[in-house]
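These notes concern the structure reproduced below.
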Amino acid sequence: MKRPPFHPVVEQKWQDRWEREHAFRTPDLPDGPRYYCLEMLPYPSGRIHMGHVRNYSIGDVVARFHRRRGSAVMHPIGWDALGLPAENAALANEVHPAEWTKDNIAHMRRQLRRLGLSYDWDREFATCDPEYYRWNQWFFLRMRERGLVYRASRAVNWCPGCETVLANEQVEAGGCWRCESEVESRELPQWFFRITKYADELLDAMEGMTGWPRKVLLLQRNWIGKSEGAEVRFRIPALGDDGEIPVFTTRVDTIHGATALVLAPGHPASARIAEEDGEVRDYIARALAAASAAPGAPAGKTGVRAGVAAVNPFTGEDIPVFVADYVLMDYGTGAVMCVPAHDDRDHEFAVRYDIPIRQVVIPNDPASAAGDGAFTDYGTVVDSGDFSGLPTEEAKEAMARHAAEGGFGGPRTEWRFHDWGVSRQRYWGTPIPMVHCGDCGVVPVPDEDLPVELPRDVEITGKGGAALAKCDAWMRVDCPACGVRARRETDTMDTFVDSSWYFYRYLDPENAEAPFDPERARAWFPIDLYIGGVEHAILHLIYCRFWTRVMRDLGLCDHDEPVVRQLSQGMVIKDGAKMSKSKGNVVDPDAAIEEHGADAIRLYVLFEAPPEKEMDWTDARLQGPARFLKRLERVIPAAASWLPETPLPDEEDVFRGPDLGLRRKTHQTIRRVTHDLGERIHPNTAIAAIMELWNAVLARLPDAGSRSARRAVREAVETVLSLLNPMAPHLTEELWERLGRETPLLDFPWPECDEELAREETVLIVVQVNGKLRGRLQASRGLDRDELVALARENRGVARHLDGLTVSRVVTVPDRLVNFVARKPARG
RNA sequence: GCGGAAGUGGCGGAACUGGCAGACGCGCCGGAUUUAGGAUCCGGUGGGGUGACCCGUGGGGGUUCGAGUCCCCCCUUUCGCACCA
C-alpha cells in the first residue's frame, strides 16, 4: 500500500510557522557575532530554474549553519528587476514592463518560499522600485561632483530598420534580432564612470583577497590588463605639427629593430595622410567598412605603405609608415613601432609587405635561437648603440629613461580596462538624472527632485529611437539652473549599476534619507560569503568592488572590499548540456518539489557534487537522498515505544563496545560536518558523513535494548537531525518535534564535538614492506617506535614478506604506519 | 595562438599538510518479503587469478622508505582572452 507522501504536509507546516513568526528576521544592528551570507539576486524572468535552486540551497545551508552557531545572520533576497527582457516581453505580449515584472516576482517569490529558504523577507526589495533607483541617481550625482562621471562619444550598434540602438546581445550575426537589417556602428554621446581611476587599487587589492577563487581573480586580472612599458614619440615630418606620433610598447629595448611605423586605420594621422594619398584613402575606407560589418571579428592583417617616412627618435633613422588593420585604435595610442625580429605580428606583416627584419636582441641561451619566426623572449640587446650588451630588463629601463630625458617619451602604463559606459538607450532602467538646457548645457537634477521616475504611460515599440524620447510630457522640464524650458536626458543606466550596491540597501531598505545608514554598514560589512555563478566573475564582481571604494570615499563605509569570501558555484546541466527550452531538457523546480519535496531536492543538489563544480541533473540519482530521508522518517515509528522517552547520555552512564563505538562515531561526525560546512563549504561530504552515522544507527537499532544502547542511539539520532537541519530543514524539525523536543532546531545550538569521546583509543597501524601494504594492526594510541616495530614484526603477513630479507631501515609514523625497507642479502 | 582548470570503478564523487585508493550515493548482481513493484530489507560489487598473489588514480619519466597527491614531458577535455603592441 502506498502511504501518502510525508513531505507536503510537513513542509507546509514549517514554512507557515516560519512565516508567521518571522523566524528569519534579522536585527538591524547585531549585538555579538554576525555573519552576512549573500547570494546573487535573481532577475525576475518568470520562473526560477535549477541554477537558482542550487545557488540558494548552498547559501541557505551556510546561513542556517551560522545561525545555529550563534551568529546574527543577514540573509536577504531581492530582485534585479530592471533590464531588457521586460521590454522584450512588453513587445511580445503587450504587457507593461512593470506589470510583467511584478507578476514574475510574485510567482518566483512563491517558488522560493516553497524551498524553505531562510530569508529575511522583511528586507526584500526590487531594483525597479523608484525608492531604490533614486539612490542610483543620487550616487550618479555624487560621483559627478567628484569627477567620476563624464560624457563622451562612443560607437553603439545602430539598427537602421528600427532606428534604434541595440544591445550587443540583440545583434545576431551582424544583423538586427528583430528586422535583420545590417547593424551599423554609430557614434553617440554617452555617460561614463571613471572606473579606471581605481584600476591600480582594484588590481593591487587582489593580493589580499584570499577568500576568492583563484580563477575569479585571474579573470579580473586579465580583464584589467595592466601593461607596463614605454611611450616613444616618432615624428612624421611631412605632417608638420600633427606629425608627432606617440607609440606604446612593452619592448622599448627592441626599438633599434623598428623598421616601420604602423598606424591604425582610425588614427588621426592616417586620415591626414589620406588627404594626399588616394591609395591610403581607399585602404582606410575598406578597412573601416570591414570592421563595422563584422565588429570584433579578427581582421586580415592587411595594410598599405604610405608615401611618407617617420623618424625613429632613438636612431634618427627614416623608416616607412604603414596603415594596417592589425593595429587597434582603442588600445594604447593606435600606433605601433613595427619590430619584425621580435614580435610575431610584426613579423608576419613584415614578411608580407617586404619590411626589413633587423635583429637587436639575442637569446642568452643560444640553443633557443633556432626557428625563422620572431624571437620574442628576453635576452641581450645588440646593435643598439650605447645600450648594446644590456639584458632586456635593464635595457627597457635605461631606454625609457633615455626617452624621457630626450623629451620624446618615457615610462607609460596601459590598461585593457576602459571606463564604464553606463548609458543605455532603453526604457526599463534608471533614468540618468540630468537635464539638457539650451542655455546652461547639461545640468544635474537637484537632490530634492529625486527620484526622476520613469513615466508609466510609455509606448514600447522597439523602434524609432529611445522610448523615453517619445514621452513628451516626461521630457519637458524646467532647467534647474535657469528655469527655462529644457529637456530630460533620455538615456537610462546600465543595470549593472543596480547590482553594484544592492547588498548595502538590504541593511536599510526603508531609508528615505540616505541609501543606507553607515552605522549598519560598519556593523555588517564586509560580506562573509557571496555566492553566485562564474559568469559574473568579471563585470559584476569588479563593478561592485569599484562601487564600494566610491562609497568609502564618500564616507558611507570604511572598508575597501565588500566581500571576504566568494564562491562561484558550478552550473546545473542535464544530459551533458546546459538546460534550455530549445533543447527541451529543463527540469522544472515546481514539479520536482511537488513530487519529492523541497528537502529531497535541496539534499540532492547539495549532495551530488561540490558547490564549485558543474552538476549534472539526473532524475535517477535523486533517489539516493530521497531514500535517505524516507529511512529517517521511519525510525521514529520503529522505536516509538522508547526513543522519545530515552534521555541523552549523562555522566553516570558507562558505555562500552558498540555503544561506545556509536557515541564515538557521533562525535566524530559532529567534528567533520562542522568543518565541512563552516570551513570548507562542502555540503556534499557533510551529507555523506551524516549518512554514515545514520547507517551506524540503523546497525545498532535492532538490539538496542539496554539503557546505554538506547541512550547512545538517542544521542546519535538527535545528532543526525541536528546536523542535517541546515540541508533538510523541514523534515528534521518535524522529527525533532516528534522526539519530544520543544525548542525547534532553528533555535537550538549547533552540537559540540566532545574531543575526548571522538578520539579513538586504539588506532589502525598500516604496515608496509618496501612501500607495499602487507598488514594492518590495531594498536593502542601513543606507542613509541620500538613497540610499534615489534608489533609490526609479529604480524603474519608482514613476517612472511620479511622472511629471507635484511631490513636496512624502518620508517615509522606515530599512530599510523610502519614501513620496513628490506633487501635480499647479498649472497656469500 | 596565449593563459587557467581538470582527467580516480559502469556513473556522480571521497581521500586534511605525501602514509589503508574508491567514503557516501546511483547503478548492477544475488537473496528475503510481496498478487505486483520504479516499495522495503539483507549480502555482494575496481580488474585479473580465484589460495593468504598480481595489477590499478589519462600516458611516459623523475624525486621519495612511500606518490591520486610533489617535479618534468606528452595526450585529452574544458573554461577564459583572442592581433592588447
Side-chain angles (χ1 to χ4, degrees), chain A residues 1-3 213-219 221-223 225-227 229 247-252 254 262 264 296-301 324-328 330-339 342-346 348-349 376 414-417 534-535 537-538 571 603-604 607-610 612-628 630-631 634 672 675-676 679-680 682 684-695 698 764-776 796-797 800-801 807-813 816-822:
Chain A
M1 285 305 94
K2 202 171 172 183
R3 279 179 306 146
R214 298 166 58 93
K215 180 188 168 81
V216 172
L217 294 178
L218 188 74
L219 286 170
R221 196 166 279 126
N222 291 342
W223 179 255
K226 182 177 185 175
S227 174
V247 154
F248 174 71
T249 177
T250 53
R251 290 297 301 275
V252 68
T254 65
V262 188
K301 199 162 283 175
D325 58 6
Y326 82 96
V327 178
L328 308 176
D330 56 3
Y331 182 76
T333 60
V336 301
M337 61 181 201
C338 177
V339 186
H342 304 293
D343 181 279
D344 291 321
R345 299 150 302 180
D346 293 343
E348 190 188 332
F349 187 71
T376 57
E414 272 300 320
W415 306 84
R416 217 191 77 105
F417 190 49
V534 252
E535 63 273 22
I538 18 195
M571 268 201 313
L603 207 57
Y604 170 57
F607 179 67
E608 185 67 358
E612 54 280 357
K613 268 200 75 166
E614 189 171 80
M615 175 206 151
D616 203 332
W617 180 283
T618 312
D619 289 325
R621 287 189 196 287
L622 175 55
Q623 291 309 323
R627 278 203 278 258
F628 171 61
K630 283 186 201 133
R631 279 202 293 275
R634 274 197 300 267
R672 188 168 158 196
H675 185 248
D676 283 349
E679 256 67 54
R680 304 202 319 145
H682 273 200
N684 56 322
T685 49
I687 293 166
I690 296 168
M691 287 174 164
E692 259 189 81
L693 176 56
W694 192 245
N695 290 342
L698 294 183
L764 181 75
I765 307 289
V766 173
V767 187
Q768 301 176 331
V769 176
N770 291 327
K772 292 198 176 188
L773 176 69
R774 296 303 181 192
R776 302 166 222 249
R796 258 173 57 235
R800 196 177 56 247
H801 283 276
V807 174
S808 58
R809 201 181 145 188
V810 184
V811 179
T812 60
V813 180
R816 295 197 86 153
L817 167 136
V818 179
N819 186 15
F820 293 98
V821 183

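We name chains A, B, ... by the order of the sequence lines, and we start the count at 1 in each one. For clarity, every value in this text was computed on a predicted model and none was experimentally measured.
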Counting only side-chain nitrogens and oxygens, does [X] get under 4.0 Å of the OP1 or OP2 atom of [N]?
X	N	answer
A:His342	B:A85	no
A:Lys630	B:A39	no
A:Arg221	B:C81	no

**OP:** Select one nucleotide: of B:G13, B:G3, B:C83, the one nearest the side-chain heavy atoms of A:Tyr326.
**Re:** B:C83
Original post:
From the list B:C55, B:C81, B:A85, which nucleotide is the closest neighbour of the side chain of A:Arg416?
Top reply: B:C81
Subject >> Integer-rounded Å distance: B:A85 P and A:Lys301 NZ >> reply: 13 Å
Original post:
How close or far is atom P of B:G66 from atom NZ of A:Lys772, stated in whole angstroms?
Top reply: 12 Å
Original post:
Any idea if B:G9 is syn or anti, going by the 90°-from-0 cut?
Top reply: syn
Subject >> Where protein sits on nucleotides 16-32 of chain B, one letter per nucleotide: B base, S sugar-phosphate only, - none, heavy atoms under 4.0 Å >> reply: B--BBS-BBBSS-----
Quick one: which protein N/O atoms are closer than 3.5 Å to N/O atoms of nucleotides 77-80 of chain B? Pair and distance per line, please.
from	atom 1	to	atom 2	distance (Å)
B:C79	O2'	A:Lys215	NZ	3.3

Original post:
Is A:Val810 touching bases, backbone alone, or none of the nucleic acid, heavy atoms closer than 4.0 Å?
Top reply: nothing
Original post:
Considering all heavy atoms of both residues, which atom of A:Thr250 and which atom of A:Ser227 are nearest to each other, and what is their separation?
Top reply: CG2-OG, 3.2 Å
Original post:
Which residues satisfy the ring pair (Phe, Tyr, Trp, His ring centres under 6.0 Å) test with A:Trp415, sequence neighbours excluded?
Top reply: none
